[in-house]
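Report on one structure; see the data block that follows.
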Protein chains: 2
Amino acid sequence: MNEAPASGQQNPLAIICGGGSLPLAVADFVSGRGREVVLFPMRGAAEGTTFGQFARHWIYIGQVGKFIRLARAAGCRDVVFIGAMVRPSIWQVRPDLKALSWLTETLAAFRGGDNHLLSSMGRLLEQEGFCLLGAHEVAPEILVPLGQLAHVPASERDRADIALGLDYLRASGPFDVGQAVVVAGKHVLAVEAVEGTDQMLARIAELRANGRLRAPAGSGVLVKAPKAGQDLRFDMPSIGPRTVEGVAHAELAGIAVVAGSTIIAEPGRTVEAADRAGIFVIGVNAGAS
Amino acid sequence: MNEAPASGQQNPLAIICGGGSLPLAVADFVSGRGREVVLFPMRGAAEGTTFGQFARHWIYIGQVGKFIRLARAAGCRDVVFIGAMVRPSIWQVRPDLKALSWLTETLAAFRGGDNHLLSSMGRLLEQEGFCLLGAHEVAPEILVPLGQLAHVPASERDRADIALGLDYLRASGPFDVGQAVVVAGKHVLAVEAVEGTDQMLARIAELRANGRLRAPAGSGVLVKAPKAGQDLRFDMPSIGPRTVEGVAHAELAGIAVVAGSTIIAEPGRTVEAADRAGIFVIGVNAGAS
């Protein structure tokens, strides 16, 4: 077996990059601590993103063999996967032989749910001698800390909604459903599943526009939490300026996420946007209720 | 206290009517058994509905005092509430004094959730000497029976999805959220909250059109079940031709509902539509899993 170099701070970090600003932020934090990084931006996801001066190799999502070859050649052992992924169009998968044999095995045992698919990809990389890390392990700066991030505080009423939202997400966690709910006046208004947070928030805005919400404008909280057993190395709840926009458009009071288990993209712009919209952003303890 | 006549088969049945075809169906079934009925169609909900030859008094939703007066005058003691309600526009509420004093009391103790509001209205009618019944109690013909309703049977795969859906609804039941989920390949694709079943199904169709569903067309089940502690006299899960249309448009395999606790509007047209679309409709035991 073609062993990758031993893990440790010295080997260059391979970052498989989806879309958005997070991959570059992670690269900057890691590189700022003196560790070399090699980027692997994914076709169909990372186009239009800037990657500064970092070494990079564009790959299609199905080019698992190519990634392994290039990452080994660059001396990488630790691998991080970060950034927004959309379901790729079939032309953007381009599976190579390694990917095909992995897919065959994985689909044979497929039980549904993204967690399963991603964990299986993680095991494959581990079998090949890589060490898959969470972006938050190499760049903890991207995590939401405990407490209030923007100027507006969460009210007592908001805290009751947050507690109910966390309870709901805990109860539904075993089902590998969404990571988010909207709660207002101790009433669950929307539950996220496949559609994602942005679309759930758009739904709230639409229900409000149609007069179908009892909760007054300026009340209600977007609550996000990791699913039970979620592999945080692949898929962590995240918020960013767009989440704030969605929450403001839905006329909610604020955003509550689990501190230490939620990524914040562009913290500066996110907090500025929250302050402009007058909404709160708070990192809470998952057990709060 | 101005007592209404004693309950029993002999007193005329007051039916407060929302929209759709169910109120007339219930009136027909009850009247067919020789019991007199008096309809109270609600402004803003029941317009455009035909009510045959039945005696009727149009009321605004806030005219609680007027309803009580007219129902007593007609000799009614038993009251049924049936039909589709939309959140009324403020001009269609027209609260009278009785409604206002009830609202004041209710809102003071308001904890959110439709169940609470509706149960409180039920208690008010009971205090006034009426007996609030479920439409299914006076017209059990409107309930979905156990077993397969249309031609296409549910497959083993469908049954696994149904079991997961019922498990999910049981887990989320205590939260007074929706009554429905879409499950495909043992994966929860959508959870209904305030938006309602039709809009949740439209979301699935949209996700499918955008290539964001892994589940192939022709797989997946709409699963509906009553919430824990739901007052079935006011709000029961229901299906009808429009549900079938939504499921067909979302390209799911079928519909599973809890037998004996789900209303079927226009059973003939519903089953015909299901057969035309090649989808199954099945009444299951709530405990099935």
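Each chain gets a letter, A, B and so on, in the order its sequence line appears, and its residues count up from 1.
By a heavy-atom distance cut of under 4.5 Å, A:Ala193, A:Val194, A:Glu195, A:Gly196, A:Gln199, A:Arg203 are the residues of residues 192-204 of chain A near chain B, going up by number.
Side-chain contact between B:Met42 and B:Phe81 is present, with at least one heavy-atom pair separated by less than 4.5 Å. Using a 4.5 Å heavy-atom threshold, the side chains of B:Val221 and B:Val182 count as separate. Here the side chains of B:Pro226 and B:Val258 are in contact, with some heavy-atom distance below 4.5 Å.
Sorted by first and then second residue, the ring pair (Phe, Tyr, Trp, His ring centres under 6.0 Å) pairs involving residues 154-184 of chain A (not counting sequence neighbours) are A:Tyr168-B:Phe175, A:Phe175-B:Tyr168.
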Show me the donor-acceptor pairs within less than 3.5 Å that the side chains of residues 244-252 of chain B make with the rest of the protein, sequence neighbours left out.
none

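Qualifying side chain to side chain contact (heavy atoms under 4.5 Å, CB included) partners for A:Ala135, counting only residues two or more places apart in sequence or in other chains: A:Val26, A:Val80, A:Ile82, A:Ile142.
For a residue to count as touching a neighbouring chain, one of its non-hydrogen atoms must lie under 4.5 Å from one of that chain's; by this rule B:Leu207 touches chain A with the side chain only.
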